[in-house]
S.K.: 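First the structure, which I've put down as structure tokens, then a few questions once you've had a look.
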Amino acid sequence: MQSNNVKSLVFYNGSTKRSSCGYCKQDNSSFSDGMWASTLTVGAYQDMIDRGWRRAGKYCYKALMEKTCCPLYTIRCEALNVELSKSQKKIIKRVTTFLKNGEFEKNQVNTEQIEREPIMKYELGDVQNHDDKMKITNTDYLFDEEQSASVIGSHDSTLVTTNKEDSKMVVPFDLSCKSDTKKETKKVKPGKGPDPNLPISKKKKLLRIQKKLAKDPNFVTKNSGPQQKCLEEFIAENDSVSTGGVKQLRVSLVKTGTEAFAQTFTAGATLFAKYQIAVHKDKADECNMDQYFSFLVDSPLKEEKSNHPDHPGYGSFHQQYWLGDKLIAVGVIDILPKCVSSVYLFYDPDYHNLVLGTYSSLREICLVRQLYKMSPDLKYYYMGFYVHSCSKMRYKAKIRPSYLLCPLKYTWHAIDKCIQKLDNEKYSIFDVSGDIQDADIFSIDNIPVLYRGSLMPYSAFKIIGNNENEDKQIKEYKILIGPKLAQKLIYCIID
């Protein structure tokens, strides 16, 4: 992965209270900590989600687990070892059946109509206000994400705070999951059926066994079960269906902020509004183009290129599902150093019978497996939050093998064991060892701070700024993000 020297600028809001919960729909019951991110490196955001944070647009939040009505546990899947369940195979086959004849299977899949995360909404008016104030104008103090606390405040290098993107970039990445060998479909004329006068035909394998037994009565056959198809082979069946018409499925990966994305922006915004109104009962002004841009297009993540020529790079993307020339679903994802992180999914409600929530998750797992071949560190699929009390989130536990993040020690634990605890108590600590996860060796005085356009360590701010309430805030911030991120992120103080 190629570094571009972009720095991570955040403004910590502290504890906030939401009016309602997107999961249980209760009023005044959801509590979280939040911060605005003007810019984030993909490495910094990877560390953030590994501590329970998650973004909605440029707003990052972390649930107050002991207080909130629905504790949010970060869930990730080992994409390389995924084993398909019968219901997941049926969902893929249902899509194949639809693509072949335009009809859904008569036998409905026994599963709930699942969704991804509800959108974490905030006041849009604050976005531009925060970004304007989080600009660096004085680079007397410089910070490198990799440097230790002992060298914070050195003046030896030039700080670059913006990343020049190629707006005409089109991601050269094949998402078809098709196998290397192309199978030709042969047209077979209907026959008259088997000739009753001929002996019953036997399979070649059975004939070979009979011959060996005739030669050697002690011959023992080795019973080998049928070879199981992998995920890619099931998905490839969708991509191999070619009707030459409106039922041709095409999946494309488009990076936000590019010319290719701009060409599909209106289609995405229109589909988003249709989905939100039909599925989440939003009003029209709650899912207009401004809302779509702020929540699902605008991202603090800065693009980083991969060393592999065929890799799409790291940053924020939309994985678009086209049926002919009609956009029927969009998976909003972040490609990070160790994972593909699911942000949101919206789809055309007319196609809800295809169970696109599960189907798109399986396609995104396929994407992880493709990227792994070019980037061996990238092998996980982060599904957002697992909410045990929310039935619509239960499908995530069925994607195996998956693990939940301990909200105290930030270690990963098999979901089966976690569910046993969550059945008894909605907020649970999975790691009961006495190990201390974060060694408190990083003083708040060394936390990099942006104040009135100037970069400085917090110790310098205490001399020139008003820090009556800031000490408490920055100590809370340090605990929430941990010592590693405390050195990577630049803490912005706004008067």
S.K.: How far apart are the closest heavy atoms of F346 and Y344, and which atoms are they?
M.R.: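 Smallest heavy-atom distance, with atoms named: CD2-CD2, 4.1 Å.
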S.K.: Return the orientation label for the Y292 and F272 ring planes: parallel under 30°, perpendicular over 60°, tilted otherwise.
M.R.: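 The rings of Y292 and F272 sit tilted, inter-plane angle from 30° to 60°.
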S.K.: R369 versus L231: any side-chain heavy-atom pair under 4.5 Å?
M.R.: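 Yes, their side chains come closer than 4.5 Å.
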S.K.: Can you list the residues that meet the side chain to side chain donor-acceptor pair (under 3.5 Å) rule with K462, with sequence neighbours excluded?
M.R.: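 Only D445 meet the side chain to side chain donor-acceptor pair (under 3.5 Å) criterion with K462.
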S.K.: Main chain of M383, side chain of K396: is a donor-acceptor contact present, judged purely on distance under 3.5 Å?
M.R.: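 Between the backbone of M383 and the side chain of K396 there is a qualifying donor-acceptor contact (under 3.5 Å).
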S.K.: Check the surroundings of atom OH in Y427: do more than 12 heavy atoms from other residues, nucleotides or ligands lie under 6.0 Å from it?
M.R.: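 It does: Y427 OH has more than 12 such atoms within range.
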S.K.: Out of curiosity, Y386 OH to L405 CG, how far, rounded to the nearest 0.5 Å?
M.R.: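 Answer rounded to 0.5 Å: 15.0 Å.
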S.K.: So which pairs with a foot in residues 472-495 pass ring-ring contact (aromatic ring centres under 6.0 Å, His included), sequence neighbours left out?
M.R.: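 Output for this query lists Y12-Y477, Y477-Y491.
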S.K.: Are the side chains of F261 and K255 in contact, using a 4.5 Å heavy-atom criterion?
M.R.: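 No, side chains not in contact.
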S.K.: Do S375 side-chain atoms and L371 backbone N/O form a donor-acceptor pair below 3.5 Å?
M.R.: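 Checking the backbone N and O of L371 against the side chain of S375, no donor-acceptor pair under 3.5 Å is found.
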S.K.: Taking it one step at a time, do T96 and N238 satisfy side-chain contact (heavy atoms from CB on, under 4.5 Å)?
M.R.: CA-CA 5 Å; T96 302; N238 298 160; 2.4 Å; yes
S.K.: Please find the pair of heavy atoms, one from G331 and one from E364, that lie closest to each other, and give the distance.
M.R.: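 Closest approach of G331 to E364, heavy atoms only: CA-OE2, 3.9 Å.
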S.K.: For the backbone of R55 and the side chain of Y45, can you confirm whether one donor and one acceptor N or O come within less than 3.5 Å of each other?
M.R.: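 It does hold such a pair.
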S.K.: Describe, in one word, how the ring planes of Y73 and F430 are oriented to each other, choosing from parallel (under 30°), tilted (30 to 60°) and perpendicular (over 60°).
M.R.: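 Tilted.
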S.K.: Are Y458 and F461 close enough that their ring centers fall under 6.0 Å?
M.R.: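 Distance test on ring centres: under 6.0 Å, yes.
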S.K.: Test your reading of the model: is there a side-chain donor-acceptor pair from S402 to the backbone of K398, 3.5 Å cut-off?
M.R.: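 Absent.
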S.K.: Suppose we screen for side chain to side chain donor-acceptor pair (under 3.5 Å). Which residues come up paired with D423, at least two apart in sequence or across chains?
M.R.: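 Side chain to side chain donor-acceptor pair (under 3.5 Å) check on D423 returns H388.
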S.K.: Please identify each residue that fulfils side chain to side chain donor-acceptor pair (under 3.5 Å) with T74, with sequence neighbours left out.
M.R.: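 Checked T74 against side chain to side chain donor-acceptor pair (under 3.5 Å); zero matches.
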S.K.: What pair of heavy atoms forms the shortest contact from G313 to I335, and how long is it?
M.R.: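 G313 and I335 have their closest heavy atoms at O-CG2, 3.6 Å.
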S.K.: Would you say the side chains of D33 and S15 form a donor-acceptor pair under 3.5 Å?
M.R.: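 Side chains of D33 and S15: pair found under 3.5 Å.
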S.K.: Go through the steps to decide whether Y347 and S360 satisfy the test side chain to side chain donor-acceptor pair (under 3.5 Å), and finish with yes or no.
M.R.: CA-CA 10 Å; Y347 56 85; S360 59; over 6 Å; no
S.K.: Evaluate S361 against Y395 for side-chain contact (heavy atoms from CB on, under 4.5 Å), listing each step before the verdict.
M.R.: CA-CA 10 Å; S361 290; Y395 81 96; 4.0 Å; yes
S.K.: Any chance you could lay out the side-chain contact (heavy atoms from CB on, under 4.5 Å) test for M374 and D310, step after step, and finish with the verdict?
M.R.: CA-CA 8 Å; M374 295 173 274; D310 296 328; 3.8 Å; yes
S.K.: Rounded to the nearest 0.5 Å, what separates atom CG in L40 from atom CG in L301?
M.R.: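 Reported to 0.5 Å precision, the distance equals 6.0 Å.
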S.K.: Give a yes or no answer on whether the side chain of R452 reaches the backbone of I493 with a donor-acceptor pair at less than 3.5 Å.
M.R.: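 Not at all, since once roles are kept as given, no pair shorter than 3.5 Å links the two residues.
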S.K.: Dump the intermediate steps for side-chain contact (heavy atoms from CB on, under 4.5 Å) on S459 and N446, then the final yes or no.
M.R.: CA-CA 7 Å; S459 58; N446 292 322; 5.5 Å; no
S.K.: Provide the full list of salt bridge (charged side-chain N to carboxylate O under 4.0 Å, His left out) pairs with a residue in residues 412-422, sequence neighbours left out, each pair given once.
M.R.: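 Every pair satisfying salt bridge (charged side-chain N to carboxylate O under 4.0 Å, His left out) with a residue in residues 412-422: R400-D416.
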S.K.: Report yes if the distance between the aromatic ring centroids of W36 and Y59 is under 6.0 Å, otherwise no.
M.R.: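 Yes, close enough.
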S.K.: Does K488 reach the main-chain N or O of D47 with its side chain, forming a donor-acceptor pair under 3.5 Å?
M.R.: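 No, K488 side chain to D47 backbone: no donor-acceptor pair under 3.5 Å.
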S.K.: So how far is it from D27 CG to S20 OG, rounded to the nearest 0.5 Å?
M.R.: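 So the CG of D27 and the OG of S20 are separated by 6.0 Å.
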S.K.: Report yes if the side chains of Y382 and I49 come closer than 4.5 Å at any heavy-atom pair, otherwise no.
M.R.: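 They are in contact (side-chain heavy atoms under 4.5 Å apart), so the answer is yes.
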S.K.: Taking T358 for its side chain and V355 for its backbone only, find out whether a donor-acceptor pair lies under 3.5 Å.
M.R.: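 Looks like no, no N/O pair under 3.5 Å.
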S.K.: Has R76 got a side-chain atom pairing as donor or acceptor with D50's backbone, closer than 3.5 angstrom?
M.R.: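 Flag not set: sc R76 to bb D50 has no pair under 3.5 Å.
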S.K.: State whether the side chain of E476 and the backbone N or O of Q473 hold a donor-acceptor pair below 3.5 Å, judged by distance alone.
M.R.: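 Not confirmed, E476 side chain does not pair with Q473 backbone.
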S.K.: Find out whether I481 and V10 are in side-chain contact, i.e. whether some heavy atom of one side chain is under 4.5 Å from a heavy atom of the other.
M.R.: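 When only atoms from C-beta onward are counted, V10 and I481 do not touch, as no gap falls below 4.5 Å.
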S.K.: Can you tell me how far CD of Q319 sits from CG of L253, rounded to the nearest 0.5 angstrom?
M.R.: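 CD of Q319 is found 5.5 Å from CG of L253.
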S.K.: Under a 4.5 Å cut-off applied to non-hydrogen side-chain atoms, are Y381 and L367 in contact?
M.R.: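 A side-chain contact is absent here, since even the closest heavy-atom pair is not under 4.5 Å.
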S.K.: Minimum heavy-atom separation for I399 and C77, please, with both atom names.
M.R.: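 Of all heavy-atom pairs spanning I399 and C77, the closest is CG2-SG, 3.9 Å.
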S.K.: Report yes if some heavy atom in the side chain of Y451 is under 4.5 Å from a heavy atom in the side chain of D495; otherwise report no.
M.R.: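 Touching, per the 4.5 Å side-chain cut-off.
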S.K.: Quick check: do V330 and L296 have side-chain heavy atoms less than 4.5 Å from each other?
M.R.: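 Contact flag for V330/L296 side chains = no.
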S.K.: Can a donor-acceptor pair be found, under 3.5 Å and without considering hydrogens, that links the side chain of T39 to the backbone of K7?
M.R.: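 Checked: pair present.
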S.K.: Mind checking side chain to side chain donor-acceptor pair (under 3.5 Å) for K62 and listing every partner two or more places apart, or none if nothing turns up?
M.R.: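 In terms of side chain to side chain donor-acceptor pair (under 3.5 Å), with neighbours along the sequence ignored, K62 is linked to Y410.
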S.K.: Do D431 and L408 have side chains that approach each other closer than 4.5 Å (heavy atoms only, starting at C-beta)?
M.R.: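 The answer is no, as the side chains (C-beta and beyond) never meet within the 4.5 Å cut-off.
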S.K.: Do you know the tightest heavy-atom contact between K426 and C69?
M.R.: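 Heavy-atom minimum between the residues: NZ-O, 3.0 Å.
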S.K.: Just how far is it from atom CD of E233 to atom CG of L84, taken to the nearest 0.5 Å?
M.R.: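 Here the interatomic distance stands at 10.5 Å.
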S.K.: Do you know which two heavy atoms are closest between F11 and C492, and how far apart they sit?
M.R.: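 The answer is CD1-O, 3.3 Å.
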S.K.: In Å, rounded to the nearest 0.5 Å, how long is the span from CZ of F234 to NZ of K229?
M.R.: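 Reported value, rounded in 0.5 Å steps: 4.5 Å.
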